[in-house]
Amino acid sequence: MSDPALQPVVKEIPPKAADLSAWYTAVCLKAELASYSPVRGCVVLRPYGYGLWENLQKHLDRAFKETGHENAYFPLLIPESLLLKEAEHVEGFAPEVAWVTHGGQEELTERLAIRPTSEVIIGVMYAQWVESYRDLPILINQWANVLRWEKATRPFLRTMEFLWQEGHTAHASAAEAREETEKMLGVYREFAENVAAVPVYAGVKSASERFPGAVETFSIEALMPDGKALQSATSHDLGQNFAKAYDITFLDADQQIKHAYTTSWGMSWRMLGAMIMVHGDDRGLRIPPKMAPIEAVFVPILRKGDERSVAACHDAAKALREAGFRVKVDDRDQQPGWKYAEWDVRGVPLRIEIGPRDVDAGTAVLVRRDRAKGDPEQKITVPLDRLAQSIRELLDLIQRSLYDEAKAFLESHTVRETERGAFLRACKERAGMIDIPWCGSAACEAHVKASTGATTRNTRPLEGAESLCVACGEPATVRAYFAQSY
RNA sequence: CGGGACGUAGCUCAGCUUGGUAGAGCGCUUGCUUUGGGAGCAAGAAGUCGCAGGUUCGAAUCCUGUCGUCCCGACCA
């Protein structure tokens, strides 16, 4: 422990590469994103973590509105009799449903499920609202919490109660529903890559990974530093399954009564977990600027008897706020180095140092969080009257740089295998996204899972030349990414 | 849900083997000096040892149960 090289860079955060799990948990807690609570498997989302969630909401909500959706809110509790109507759905969720059995001292005649997802209660309401093809489509999103009785939990990645949004739409035709499903998958992909700076593979889930009750499930999948994949959002084409179970019918223009076609799609705070793992380093979080609750933090440097820098920071911060930036002045009574370390842990993209020398010169020092200490690109000095432009440019640069870094990792850890032995080895060793022509059979997938722990993450059409499944030798029907998953 | 580890001050942990009434570092409070990568000195506050039983004159320590956290596996939109 006396060797400085063996000391952790940040107190109480272990090196990321050595033990991703320990690093991840420590960062979530030390950056004050979340706290464990007295409730098993449930975390408190602290203000800084909630700031991340609000930025996710802001961007996604705008995208939902732009694609014609409206927000609404449905009940938390679902009567058991309603839940039982879609057999596959019930079977899929039964092990994870929590039940309300009493109201006060009185035992209920019918148990109430705490929603694990809201297809049921929303489907029941849509059945009441839809009569004519003129009532379609219904395009509604809900921001909500849901509860699933999980056995093993980790902050954001899997918690019993979690925050998410769930879109639920009903359409007059299968084609329109499918179009909606794919459109929202695109919205998620756009968000993940352009806002959270997390590159993903978008595609179709295999039958065994499909949402219970869906005709087709699409997902975006991100790759974590340990080579495991993380499903970051899903979009489901539910066909007429739920419409038939919950009687969502309409009189079409041809005077025939028809069942509607429904979709559902969701992204949860798990996306934050992906962002944390993909970008973080040994100093803590690195938050992409578009997601950062604080884009830049001012650290004034004092000199005995000279506190001009504090006022200079506040003045500059005020101007930046008026220009639309999210900035903070850290004027606490602490050493600058202490503050640097703390804001590093919390992943603020830019630090702005103003000291006596800067006050005299009318400048500020900008320090990029995405660059290492000692990197010549880490610090630049800019004139105060150009601060807004400089920050705008740097934030854009950091946003792009984080994405490029993650993209390079994904690409260098996406391996196209053509030989069975090498394929199975890559799956077992968590080499990343293992890309093969695949037969699409559940038995083949189950066999790969049993011998390596990996499953298909998602699939896409063949590129043309491939003919046989690398895993089993049967004719290939799609290309698939295999990986172990969170 | 199976296998393993852990739970002592806000944090990281020592003490437990061999029972005797609570410790360290960091953090926190106050004052002074400091401040361009986790400052220094001085004084001070802070823990029903996760919880519940049991054994014992006496339990952080031994036994049982329980709750929680982490790791591996199983399961899991």
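Proteins come first, then strands; the chains are lettered A, B, ... in the order of their sequence lines, and each starts at number 1.
Between A:Gln335 and the phosphate of B:A39, there is a side-chain N or O to OP1/OP2 separation shorter than 4.0 Å.
Here A:Asp435 pairs with A:Arg479 in a salt bridge; the nearest charged N to carboxylate O distance falls below 4.0 Å. Using a 4.0 Å cut-off between charged side-chain N and carboxylate O, A:Arg351 and A:Glu353 make a salt bridge.
In terms of the side-chain contact (heavy atoms from CB on, under 4.5 Å) criterion, residue partners of A:Gln57 (sequence neighbours excluded) are, by chain and number, A:Trp53, A:Glu54, A:Trp143. Residues satisfying the side-chain hydrogen bond (donor to acceptor under 3.5 Å, both in side chains) criterion with A:Thr262, sequence neighbours excluded, are absent altogether. For A:Asn71, the side-chain hydrogen bond (donor to acceptor under 3.5 Å, both in side chains) partners are A:Asp61, A:Asn141, not counting sequence neighbours. With sequence neighbours left out, the side-chain hydrogen bond (donor to acceptor under 3.5 Å, both in side chains) criterion links A:Ser21 to A:Arg154.
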Given protein heavy atoms under 4.0 Å, the one-letter contact record of nucleotides 69-75 of chain B, with B base, S sugar-phosphate only and - none, is simply SSS--BS
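Here A:Phe162 lies in heavy-atom contact (under 4.0 Å) with a base. Residue contacts shown for A:Thr117 are absent, as no nucleic acid heavy atom lies under 4.0 Å away. Residue contacts shown for A:Phe211 are limited to sugar-phosphate atoms, with no base heavy atom under 4.0 Å away. Counting any heavy atom pair closer than 4.0 Å across all strands shown, A:Glu209 reaches sugar-phosphate atoms only and no base atom.
Distance, A:Asp375 CG to B:G37 P: 17 Å, rounded to whole Å.
Pair assignment for B:A39: B:U33, on the basis of Watson-Crick or G-U wobble contacts that are both within less than 3.5 Å.
Looking at which nucleotide of RNA chain B each of A:Thr234 and A:Glu353 is closest to, the 5′-most match is held by A:Glu353.
In the region residues 301-320 of chain A, proximity to RNA chain B at under 4.0 angstrom, judged on heavy atoms, holds for A:Ile301, A:Leu302, A:Arg303, A:Lys304.
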